[in-house]
Amino acid sequence: MTFKQHSALIQSYLECQPDLTQFLAHRTGSLSLASDLVHDLYLKLCQLRISVTIKNQRAYLFRMAANLAIDHARLESRRRQILEEGEPSLWISDHDLSPEHHALVNAELRLVMAELAKLSKRARKVLYLSRYEGKYQADIAAELGISITTVFKDLKLSMSAISRARQYFAGERRDTACYLALSRSQNETN
């Protein structure tokens with residue numbers, strides 16, 4: 001995209017900004033979220049590097065805006081899902097927890113963290129991008145410069161580590177690796 005084409009697209013954005021805000025407010029049900037998404041659209045436009053000429057710039061901008069709204073909805077959905085997967089004890093205030101329950105939750109968390117610490121830095125990054133940022137495996141692969149198969153394998157390893165730790169605490173698993181990881185994490189905190 002030449003400087004002239006890029007400037008024309010930015011100019012088109014500035015002309016359409018109120019319409020884009022209204023469009024996204026209707027889509028998302030929130031004027032403040034719509035304003036944030038319109039700003040995100042501007043930031044994307046500033047970073048845009050495409051080699052084709054955009055014939056209908058207005059339609060292009062609205063398509064980008066719609067995609068941003070969809071991406072935001074997916075991310076929020078993933079965040080809600082993560083919160084719903086959490087145990088109900090996450091929503092209980094510290095004052096409502098017995099000391100025993102608090103110790104048990106902390107021990108389980110230490111074990112999960114110890115299991116995740118055994119993974120490679122890349123596997124932990126893949127887990128973070130997938131589960132907390134809600135990114136697709138293809139996007140993670142492109143961002144990290146690895147194959148989609150590698151992303152899948154790293155996610156599988158991460159989820160297995162978490163599952164192994166949680167099974168240990170649920171009494172479904174009594175292997176020495178989990179016990180040793182828990183012992184090490186307890187010794188590190190003492």
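All heavy atoms count here, side chains included; hydrogens, waters and symmetry mates do not. In this chain, residues are counted from 1 in sequence order. Please read these numbers as outputs of a predicted model, since none were measured by experiment.
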At what distance, to the nearest 0.5 angstrom, does [atom1] of [X] lie from [atom2] of [Y]?
X: Asp36; Y: Thr21; atom1: CG; atom2: OG1; answer: 10.5 Å
X: Ser163; Y: Glu115; atom1: OG; atom2: CD; answer: 10.5 Å
X: Gln17; Y: Leu61; atom1: CD; atom2: CG; answer: 10.5 Å
X: Leu155; Y: Lys153; atom1: CG; atom2: NZ; answer: 13.0 Å
X: Leu68; Y: His39; atom1: CG; atom2: NE2; answer: 12.0 Å
X: Gln11; Y: Cys16; atom1: CD; atom2: SG; answer: 10.0 Å

If I compare all heavy atoms of [X] with all of [Y], which pair ends up nearest, and what's the gap?
X: Arg124; Y: Ala117; value: NH1-O, 3.4 Å
X: Ala65; Y: Leu24; value: O-CD2, 3.3 Å
X: Ser158; Y: Leu116; value: O-CD2, 4.1 Å
X: Ser12; Y: Gln57; value: CB-OE1, 3.4 Å
X: Ser30; Y: Leu33; value: OG-N, 3.1 Å
X: Leu20; Y: Leu41; value: CD1-CD2, 3.8 Å

Do [X] and [Y] make a side-chain contact, defined as non-hydrogen atoms from C-beta onward lying under 4.5 Å apart?
X: Arg58; Y: Glu15; answer: no
X: Ile162; Y: Leu127; answer: yes
X: Leu157; Y: Val126; answer: no
X: Leu37; Y: Arg27; answer: no

Considering only distance and modelled atom types, tabulate donor-acceptor pairs under 3.5 Å from the side chains of residues 134-145, sequence neighbours left out.
{"unit_1": "Lys135", "atom_1": "NZ", "unit_2": "Glu143", "atom_2": "OE1", "d": "2.6"}
{"unit_1": "Tyr136", "atom_1": "OH", "unit_2": "Arg74", "atom_2": "NE", "d": "2.6"}
{"unit_1": "Tyr136", "atom_1": "OH", "unit_2": "Arg74", "atom_2": "NH1", "d": "2.8"}

Practice task
State yes or no: do Met113 and Met159 share one hydrophobic cluster built from I, L, V, M, F, W and Y residues joined by side-chain heavy-atom distances below 4.5 Å, directly or via other members?
Solution key: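 No; tracing contacts between hydrophobic side chains, which count when under 4.5 Å, never links both residues.
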Problem - Cluster check Ile146, Ile148: I/L/V/M/F/W/Y, side chain < 4.5 angstrom - result: no
Practice task
Starting from the C-alpha separation in whole Å, work towards a yes-or-no answer on side-chain contact (heavy atoms from CB on, under 4.5 Å) for Leu45 and Ile10.
Solution key: CA-CA 7 Å; Leu45 289 174; Ile10 296 292; 3.8 Å; yes
Problem - Partner residues of Leu75 under the side chain to side chain contact (heavy atoms under 4.5 Å, CB included) criterion, sequence neighbours left out - result: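 Here the qualifying residues are Arg79.
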Practice task
Give a yes or no on this: more than 12 heavy atoms of other residues, nucleotides or ligands lie within 6.0 Å of atom CD of Glu76.
Solution key: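 It does: Glu76 CD has more than 12 such atoms within range.
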Problem - Summary of ring pair (Phe, Tyr, Trp, His ring centres under 6.0 Å) pairs that have at least one residue in residues 57-76, sequence neighbours excluded - result: Phe23-Phe62
Practice task
Without swapping roles, check the side chain of Ser77 against the backbone of Ala73 for a donor-acceptor pair under 3.5 Å.
Solution key: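 A pair under 3.5 Å: no.
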